[in-house]
Amino acid sequence: MHRQILLTGATGALGPALAAELVRTSAAEQIAVLMRSPAGELEERFGRWREAVKSLLAVEEQGNLKRLYPVGGDICLDNLGLESSAEALQRETDVVIHAAADTSFSAPPERLHAVNVEGTRRVLEWSGRRRHLRRFLLVSSVFVSGSRTGRIEETATAEAPDFVTHYQRTKWDAEQVAIASGMPVGVARISMVLGSHATGGVHRLGAVHGLIKWFARGLVPMVPGLPEATGDVIATEVAAQCLARAVNGDWKMGAGGGAPIWHIAAGEQAPRMAELIDFVYQHFADRPAWRRKGIVRPRMVEQQEFDRFIAAVVASGHPAPAQALRSVNRFLPDLLFPKTYATAQAETLWGGPLPQYDWRETLGRVIRFCCPGDR
């Protein structure tokens, strides 16, 4: 058991599930949760968040919630915005889990850089003043592979690939900063997280959930992508369990003795994107409104055709379809670059095949969560 963990990004999509898993596995005696909060509101915000964590724990596990406590701060500020009185926090921390990031594909490039790259640099600088830091776990994304195709290994690349979004670029840059720091860094690259397999619940809606909502309205007649592309999706539980294992498990050095890198992904088990589209379409196809409008299954098309279609919709003066298609265009073009994420190193960390759930069951529950009127 570690003495103390500092967790950033606790209010993000994975935050409550990860915190619950850290509590469940007794990862540390104390877990400091870094939160941005207006003056005087930290305890109230932490209390609401703590209730979300509590809901994920069995009754007999909830007594360990006392391990969690809030710390007001901001990764975009020097010294993380911490007061001098927080020296004890720095002195006691064994492990830092840096999960904070701006994951919005539509955020301005300068905002993404400030949070994802410079924020990571500041957390590293703060952690570097901890003389006996044991581990710095950077929560990254498999999408740092950018436009690369084929099998993507669990390694760091010296040269940046071409990127589809600014988000990808900044997550790749953050990895480079962390690996070059000389600190005991491990990088966990997370695939696209659908939501909870158990409930379909989503703590914070992301791009894929926005796509589901637009899909439910019949506003996505086509998507940019190739038929052979895979949709590597995982449940929230998989990401949280594997991250907790990275905190407690044995780290094997990466290629050339570098930082270990793990793909927390479906890998070879990932469904084809065409299967995902068919599943979502069939979920809504029997709705009276869909039958009445004759909504057909979305086609997968090349980027140029999709761009021409967006331009035509914008010119028609229909704002809702135009907004839906722009939203799709912010992240789905990644599907124009078919790839499979290797998971061998993650499996070594886990001690066998990664935990997986039937993606159809997970996606069905997430759809019902995102579109409750469809139940």
Side-chain angles (χ1 to χ4, degrees), residues 103-109 112 141-152 160-172 189-194 205-234 265-266 270-285 290 295-341 359 363 366-367 370:
T103 60
S104 172
F105 293 98
S106 60
L112 288 166
S141 167
V142 295
F143 298 120
V144 296
S145 58
S147 62
R148 293 167 59 200
T149 59
R151 184 177 177 83
I152 307 300
D162 291 330
F163 296 103
V164 181
T165 65
H166 292 296
Y167 168 75
Q168 293 177 343
R169 172 82 220 199
T170 57
K171 293 301 286 184
W172 187 89
R189 293 175 178 163
I190 310 295
S191 184
M192 185 177 293
V193 179
L194 286 176
L205 298 179
V208 67
H209 308 108
L211 174 60
I212 289 172
K213 288 177 176 289
W214 290 121
F215 209 116
R217 297 175 62 185
L219 297 176
V220 187
M222 62 179 69
V223 296
L226 300 179
E228 63 268 29
T230 55
D232 197 300
V233 293
I234 59 174
R272 294 175 62 233
M273 191 62 194
E275 293 180 272
L276 289 166
I277 290 174
D278 282 341
F279 182 88
V280 179
Y281 176 74
Q282 289 302 323
H283 183 92
F284 295 110
W290 276 46
I295 296 173
V296 299
R297 178 192 182 280
R299 294 186 299 119
M300 297 188 75
V301 300
E302 296 281 356
Q303 185 67 51
Q304 288 183 337
E305 181 176 353
F306 193 69
D307 288 341
R308 288 195 296 269
F309 182 68
I310 291 178
V313 172
V314 171
S316 71
H318 293 87
Q323 184 180 354
L325 293 169
R326 287 196 188 101
S327 176
V328 170
N329 204 33
R330 291 185 183 120
F331 78 103
L332 280 185
D334 185 72
L335 297 174
L336 292 165
F337 307 96
K339 62 195 71 177
T340 300
Y341 299 106
W359 65 265
L363 181 54
V366 171
I367 291 173
C370 292

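In this chain, residues are counted from 1 in sequence order.
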| So, does Lys171 use its side chain to make a donor-acceptor pair with the main chain of Phe143 at under 3.5 Å? | no
| task | Starting at CD1 of Ile212, measure out to CZ of Arg217 and round the result to the nearest 0.5 Å. | result | 15.0 Å
| Would you say Val313 and Phe309 make side-chain contact, with heavy atoms under 4.5 Å? | yes
| Side chains of Arg148 and Phe337: closer than 4.5 Å at any heavy-atom pair? | no
| said: I'd like to know if the side chain of Gln282 pairs up with that of Asp278 as donor and acceptor (distance under 3.5 Å, no hydrogens or angles considered). | reply: no
| query | Less than 4.5 Å apart, any side-chain heavy atom of Val193 and any of Val233? | reply | no
| remark: Closest non-hydrogen contact found for Phe163 with Gly146 is CD2-CA, 4.0 Å
| said: Which heavy atom of Pro319 sits nearest to which heavy atom of Gly317, and what is that distance? | reply: CD-O, 3.3 Å
| said: Minimum heavy-atom separation for Arg299 and Val301, please, with both atom names. | reply: NH1-CG1, 3.4 Å
| said: Between Tyr281 and Trp290, is the ring centroid distance below 6.0 Å? | reply: yes
| said: Could you measure the distance from the NE2 atom of His166 to the OG1 atom of Thr170? Nearest 0.5 Å is fine. | reply: 9.5 Å
| Test item: Ser191 side-chain N/O and Asp232 main-chain N/O as donor-acceptor pair under 3.5 Å | yes
| Do Thr230 and Lys339 have side-chain N/O donor and acceptor atoms under 3.5 Å apart? | no
| field | Pairwise side-chain contact, Val280 with Ile367, heavy-atom cut-off 4.5 Å (strictly under) | value | yes
| task | Go through Ile277 and Met273 one step at a time and tell me if the side-chain contact (heavy atoms from CB on, under 4.5 Å) criterion holds. | result | CA-CA 6 Å; Ile277 290 174; Met273 191 62 194; 4.3 Å; yes
| query | For Leu112 and Ala107, which heavy atoms make the closest approach, and how far apart are they? | reply | CD1-O, 3.6 Å
| query | Which atoms form the tightest heavy-atom contact between Tyr167 and Ser141, and what is the distance? | reply | OH-CB, 3.6 Å
| How about Leu226 and Met300: do any of their side-chain heavy atoms sit closer than 4.5 Å? | no
| request: Answer with yes or no after comparing the ring centroid distance for Trp359 and Phe279 against a 6.0 Å cut-off, counting only values under it. | output: yes
| request: State the CG-CG distance between Leu211 and Leu219, to the nearest 0.5 angstrom. | output: 11.0 Å
| Judged by atom type as modelled, is there a donor-acceptor pair below 3.5 Å linking the side chain of Glu305 to the main-chain atoms of Glu302? | no
| request: Side-chain contact test, heavy atoms from C-beta onward, threshold under 4.5 Å: evaluate it for Leu363 versus Leu276 and give yes or no. | output: yes
| field | Side-chain heavy-atom pair Ile152, Val142 within 4.5 angstrom cut-off | value | no
| request: First locate atom OG of Ser147, then atom CD of Gln168, and finally report the distance between them rounded to the nearest 0.5 Å. | output: 8.0 Å
| How about Arg189 and Val144: do any of their side-chain heavy atoms sit closer than 4.5 Å? | yes
| Contact summary for Cys370 and Lys213, nearest pair of heavy atoms | O-NZ, 2.8 Å
